[in-house]
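Below is one structure, written out as structure tokens; comments come after it.
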Amino acid sequence: MSKGNKTVTITDNDSGKQVELPVLEGTDGPGTIDIRALYKELGYFTFDPGFVSTASCESKITFIDGDEGRLAYRGYPIEQLAEKSSYEETCYLLLYGELPNADQLEKYKNIIKDRKMVDEKMRRFFLGFQHDAHPMAMMVAAVGALAAFYHEQIDVHDPVSRELAAHRLIAKMPTIASWCFKFSAGLPFNYPNVELDYTADFLHMMFSLPGRLYQASPTMVRAMDLILILHADHEQNASTSTVRLAGSSEASPFAALSAGIGSLWGPAHGGANEAVIKMLTEIVESGNDLSHYVDRAKDKNDRFRLMGFGHRVYKNYDPRAKIIRQVCHDLLKELGDDNPNRPLLETAMELEKIALEDEYFIQRKLYPNVDFYSGIIFQAIGIPVSMFTVIFALARTVGWLSHWMEMMSDPDGRIGRPRQLYTGYAERDYVDINKR
Ligand code: CMC
């Protein structure tokens with residue numbers, strides 16, 4: 001960040017006092033007013049619920065231009081990464097800031113392969129869940145529980161220790177995610193296979209059964225790899241901000257990520273992919289009365305929203321949704337016209353068309369987001385609906401860790417501690433219980 005020549009002057013009309021605040025310039029995106037002196041100079045906080053106008057940190061990892069519908073990791077446009085890169089290479093890029101050369105990538109892949117096993121005691125941990133526990137609930141708990149295995153070994157102030165924790169988490173996430181699925185399906189857990197690449201091994205751990213080895217088709221592996229690339233990071237969203245805030249107290253990264261997974265679970269965030277499939281299925285089963293759902297989404301007295309539509313930052317088509325829409329199309333084409341997911345895709349495309357021509361959605365700049373089509377791909381691969389957000393969490397792990405590492409390596413880092421506008425009671429005296 002650089003301090004440009006621009007400043008913004010704030011005047012307190014009551015006292016006449018003034019403060020001149022510098023405008024910080026990033027590489028791209030709007031300038032940012034540095035308000036750190038505001039409280040000291042004028043005695044005021046700023047009020048911005050939902051962080052609509054607040055940059056919570058400085059970051060070099062991901063850039064989004066919401067008006068243009070642009071997304072880049074470390075400067076590389078998402079379209080190029082989706083076309084040319086792999087998830088493992090993208091992970092390296094996010095973690096280390098540069099694309100790896102062939103040796104660096106090979107070394108990274110081997111490090112991850114060697115760390116995929118999860119302590120055998122974790123199997124017993126899973127057995128403690130109810131048979132119908134939601135996979136996201138298990139994942140929140142399992143990732144948090146990993147802190148118990150490595151607590152003494154992590155020094156969050158040591159970059160080598162941080163890197164080791166990041167490798168462990170990235171490596172173990174597919175194993176944990178697959179165990180969440182296997183437990184909820186009542187199936188035996190699989191172990192990682194070091195012969196397979198990251199994404200193919202995840203699919204193997206998900207779908208191989210004793211006596212029946214699962215061989216994912218290259219198209220399925222590629223579709224899943226692409227989904228992982230597209231979900232790998234998205235700057236300061238709710239879950240990433242949660243990881244940063246939790247980690248800012250110097251907590252274990254396993255605990256901070258567990259908090260992030262909890263945040264991702266909500267239907268306004270990562271849980272939307274699950275909600276989209278439920279919505280599309282309901283529409284198909286109800287005889288495809290699309291206008292009924294569009295009308296409900298527009299009705300302010302109805303809490304229903306068109307799931308997979310709208311975004312806090314994108315006021316244009318989400319670039320990830322554009323890519324996923326095409327992959328979805330190609331995958332279903334390869335799987336054949338009689339694929340049971342075809343009606344969902346057709347309904348989604350029709351719904352998108354109606355919404356994009358509707359004044360309500362045009363005015364509010366509501367476009368399909370990444371979750372609108374991803375669920376259809378998941379279903380086509382055979383992933384159950386309750387696992388969708390788990391896979392989002394698996395993909396986003398590298399993003400969370402990149403942000404955590406960036407934050408922890410900042411020598412000026414401080415614990416995150418927002419202020420508030422207090423509107424409760426003014427001070428009052430305690431009333432004895434007999435007099436209330
Ligand atoms: N359907 C109908 N109306 C909507 C929708 C929608 N999906 N999204 C926003 N609106 C309306 C909202 O009612 C409001 O209208 P008005 O100005 O008349 O009050 C206006 O658009 C602005 O919405 P907002 O809630 O103030 O916007 P936000 O930035 O706070 O929320 C959002 C963003 C993603 C939570 C919201 O668009 C939403 O709930 N979408 C559906 C859930 C969804 O698909 N979430 C996935 C987000 S992308 C994946 C991720 O990054 O996690």
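When a ligand or atom number is given, it counts from 1 through the structure's own listing order. Only this structure's heavy atoms are used, side chains among them; waters, hydrogens and symmetry mates stay out.
With Glu406 as the partner, the salt bridge (charged side-chain N to carboxylate O under 4.0 Å, His left out) test is satisfied by one option alone out of Arg244, Arg162, Lys60: Arg244.
Across every non-hydrogen atom of Lys315 and Tyr367, the tightest pair is O-CE1, 3.5 Å. Of all heavy-atom pairs spanning Ser374 and Ile324, the tightest one is N-CG2, 3.6 Å. Of all the heavy atoms in Leu230 and Arg320, the pair that sits closest is O-CD, 3.3 Å.
Residue Phe392 places no N or O, backbone or side chain, under 3.5 Å from any N or O of ligand 1. For ligand 1, one of its N or O atoms has an N or O atom of Gly308 under 3.5 Å away. Inclusion of Leu366 in the set of residues having an N or O under 3.5 Å from an N or O of ligand 1 is not warranted.
At least one heavy atom of Asp371 sits less than 4.0 Å from an atom of ligand 1. At a 4.0 Å cut-off, not a single heavy atom of Gly50 sits close enough to ligand 1 to count as contact.
Between Tyr214 and His204, the ring center distance fails the sub-6.0 Å criterion. Ring to ring, His231 and Tyr87 are not that close: their centroids are 6.0 angstrom or more apart. Here the two rings, on Tyr44 and Tyr39, have centers that are 6.0 Å apart or farther.
The closest protein non-hydrogen atom to atom 31 (O) of ligand 1 is Arg305 NH1, 4.3 Å. Summary of contacts: the protein heavy atom closest to atom 52 (O) of ligand 1 is His269 ND1, 2.4 Å. In this structure, atom 29 (O) of ligand 1 lies nearest to the protein heavy atom Arg312 NE, 2.7 Å. Ranking the protein heavy atoms by distance from atom 14 (C) of ligand 1 puts Lys300 NZ, 4.1 Å first. When only non-hydrogen protein atoms are considered, atom 43 (C) of ligand 1 lies nearest to Ala272 CB, 3.5 Å. Of the protein's non-hydrogen atoms, Met307 CE, 3.4 Å is the one closest to atom 42 (C) of ligand 1. From the protein, the heavy atom lying nearest to atom 48 (S) of ligand 1 is His311 CD2, 3.4 Å. The nearest protein atom to atom 1 (N) of ligand 1, hydrogens excluded, is given as Leu306 N, 3.1 Å; this is a heavy-atom distance.
When Val52, Val370, Asn369 are ranked by how near their heavy atoms come to atom 47 (C) of ligand 1, first place goes to Asn369.
Neither the backbone nor the side chain of Asn237 comes within 4.0 Å of ligand 1, counting heavy atoms alone. When heavy-atom distances to ligand 1 are checked against a 4.0 Å cut-off, Tyr360 comes that close only through its side chain, counted from C-beta outward. Contacts with ligand 1 closer than 4.0 Å are made by side-chain heavy atoms of Arg364 only, the backbone lying farther away. Under 4.0 angstrom from ligand 1, the non-hydrogen atoms of Pro267 all belong to its backbone.
Within a 6.0 Å sphere centred on OH of Tyr360, other residues, nucleotides and ligands contribute more than 12 heavy atoms. More than 12 heavy atoms of other residues, nucleotides or ligands lie within 6.0 Å of CD1 in Ile61, so this atom counts as buried by the packing criterion.
Remark: Arg296 does not engage Asp299 in a salt bridge, criterion side-chain N to carboxylate O under 4.0 Å. By the 4.0 Å N-to-carboxylate-O rule, Arg342 lies close enough to Glu346 to be salt-bridged with it.
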